Protein chains: 2
Amino acid sequence: MQKQIHGRPYEERNNKPHFTPCAPNAVLARLGDKWTILVMSHLALAPGHRLRFSELKNGIDGITQRMLTLTLRNLERDGLLERDYFPEVPPRVEYHLTEMGASMLPALEGFTSWIRNNWPNIEACRARYDQRNA
Amino acid sequence: MQKQIHGRPYEERNNKPHFTPCAPNAVLARLGDKWTILVMSHLALAPGHRLRFSELKNGIDGITQRMLTLTLRNLERDGLLERDYFPEVPPRVEYHLTEMGASMLPALEGFTSWIRNNWPNIEACRARYDQRNA
DNA sequence: CTGAATCCGCAAAGATACTG
DNA sequence: CAGTATCTTTGCGGATTCAG
C-alpha cells in the first residue's frame, strides 16, 4: 500500500517524503467511490444546486448517515460544495455546489455520455468473458 | 426515453429524483481504482495502443505483478483491451486497446482536462480546510 | 435534525514464493 | 516472461449508540 497523507500519495526518497503528482486518479477515486456521484447528481438536479442534509439522506437510497456525512465532508474539503449551517431549532444544514463544483457538471456529463453509449456493449463483453471462463 | 443525468437513469418519486443503481458508478469505480488510469494512459500513449506485460510493469512505478494482472483482467473483461498471447520461448504477451477502449480516450481526456485546470484550486481548498480544522 | 464516536466484518491490496 | 497461489494486512463501509 502506498503511503498517504491527507489523502495524498507520496513516496520516501532519501528519507524525505516526496509527493507524486497524480491528480486524475485522486479525483476519479473520489468520484468513483460508492456515494459521491449520487450526491453530485442530486445536487445537480436540485434548484439552486442546493439541498439540505435530510433531503439528500432521504433521496439517496440505502446511504447511512455516517457515509453521507463523510461524502459531504470530502466534497466540501475539495471545494466542490459548501455547507451552510442555520442555528435554528431544530438545526438546519444545507449544502450547495460551489462555482467550481457546478463547473464540473458539463465535463462530467460529457464523459458519462460515453458510458451511456457504451454500457450495453460493456455488459455484453462481461457476459461473454464470464461465459468463456465458466 | 427514460430520464437520465450523468448517464444514470432516474425516475421522479414525489417530485424528487430517485436514482436506480447503474452504470456510471460501476465504470468510474473501475477507472478510479489505484492502477487503471495508469494502465490506460500508458496504452493511450503507446504506438498502436499496444504494450507487452513487462513494458507496463516497468513503466508503472510501484505496481506489483499481481495488481497489474488483476487490472488487465478487469479491463479485458469489460472489452476495453485485448490480450494477445504468443507461445514463444520465452513467452510474450501483448495488450492493446480495443476499438471501444480507444473510443473512450477523447471523452476521458475531456474530463481530465477539467481536473488539470482545477487541480491547483482543489489543492488550495484542501489546504485551507485542513488548516481550519487543525 | 445533524452530526460524532465506536466497533466490527469483509473484501481489496501488498508481500512473497512458486510455476509453465 | 508472465503469470498463479497463499498469507497477511489494511481500510472501507455498515450498524449502532451518543450528543448538541
Side-chain angles (χ1 to χ4, degrees), chain A residues 1-12 20 22 25-26 28-39 42-43 50-77 81-96 129 133, chain B residues 21 25-26 28-39 42-43 50-77 81-96 129 132-133:
Chain A
M1 185 59 125
Q2 197 172 14
K3 294 186 181 180
Q4 287 197 355
I5 183 171
H6 296 154
R8 174 157 190 183
Y10 70 96
E11 39 183 77
E12 304 259 345
T20 77
C22 64
N25 183 67
L28 285 169
R30 172 130 325 287
L31 290 173
D33 77 3
K34 196 168 178 184
W35 302 110
T36 299
I37 285 287
L38 286 170
V39 169
H42 274 264
L43 284 171
R50 169 180 294 273
L51 288 172
R52 56 185 298 181
F53 185 88
S54 53
E55 289 176 313
L56 286 165
K57 170 118 175 48
N58 294 327
I60 301 176
D61 207 49
I63 196 171
T64 61
Q65 254 180 4
R66 170 186 153 82
M67 292 317 295
L68 179 55
T69 298
L70 288 178
T71 303
L72 290 168
R73 286 296 167 279
N74 283 322
L75 289 172
E76 184 191 5
R77 177 170 180 262
L81 56 77
E82 270 173 3
R83 178 178 186 271
D84 304 310
Y85 173 74
F86 301 91
E88 308 166 355
V89 183
R92 173 168 57 103
V93 178
E94 292 183 357
Y95 295 88
H96 71 275
Y129 183 93
N133 301 49
Chain B
N25 184 66
L28 286 169
R30 171 128 327 285
L31 291 172
D33 77 5
K34 197 169 178 183
W35 302 110
T36 300
I37 283 287
L38 288 169
V39 169
H42 276 261
L43 284 171
R50 170 179 295 271
L51 288 172
R52 54 186 298 180
F53 185 87
S54 52
E55 292 176 311
L56 285 165
K57 170 124 177 45
N58 295 328
I60 300 176
D61 205 51
I63 197 171
T64 61
Q65 249 178 8
R66 171 186 153 80
M67 290 317 295
L68 179 55
T69 299
L70 287 177
T71 303
L72 290 167
R73 286 296 167 279
N74 282 322
L75 288 172
E76 184 190 4
R77 177 169 181 264
L81 56 77
E82 270 173 3
R83 178 178 185 270
D84 304 309
Y85 174 74
F86 301 91
E88 309 167 354
V89 182
R92 174 168 56 101
V93 178
E94 292 182 356
Y95 294 89
H96 71 275
Y129 183 93
R132 275 198 304 269
N133 302 50

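Chain identifiers are assigned alphabetically (A, B, ...) following the order of the sequence lines, protein sequences preceding nucleic acid strands; residue numbering begins at 1 within each chain. For clarity, every value in this text was computed on a predicted model and none was experimentally measured.
Nearest heavy atom pair, residue A/Leu56 against residue A/Leu68, reads CB-CD2, 4.0 Å. Across every non-hydrogen atom of A/Leu51 and A/His42, the tightest pair is CD1-O, 3.8 Å.
Protein atom CG of B/Leu68 is 16 Å distant from nucleotide atom C1' of C/dA15, rounded to whole Å. Following rounding to the nearest Å, A/Met67 (CE) and C/dT6 (C1') show an atom-to-atom distance of 15 Å.
Every residue two or more places apart in sequence or in another chain that forms a side chain to side chain contact (heavy atoms under 4.5 Å, CB included) with A/Arg92 is listed here: A/Arg52, A/Phe86, A/Glu88, A/Glu94.
Taking every side-chain heavy atom of B/Thr64 into account, C/dG14 is the closest of C/dG14, C/dG3, D/dT4. Residue B/Thr69 places its side chain closer to D/dT4 than to any other of D/dA2, D/dT4, D/dC1. Comparing C/dC1, D/dA2, C/dG3 by their nearest atom to the side chain of B/Arg52 picks out D/dA2. Nearest to the side chain of B/Trp35, among D/dC1, C/dC1, C/dG14, sits C/dG14.
OP1 or OP2 of C/dG14 has at least one side-chain nitrogen or oxygen of B/Lys34 nearer than 4.0 Å.
Residue whose closest nucleotide on DNA chain C sits further toward the 5' end, between B/Asp33 and A/Tyr85: A/Tyr85. Between A/Pro91 and A/Gly62, the residue whose closest nucleotide on DNA chain D is further toward the 5' end is A/Gly62.
Remark: side-chain polar atoms of A/Thr71 are not paired, donor with acceptor, to backbone N or O of A/Trp35 under 3.5 angstrom.
Between the side chain of B/Arg66 and the base of C/dA13, a donor-acceptor pair under 3.5 Å is found.
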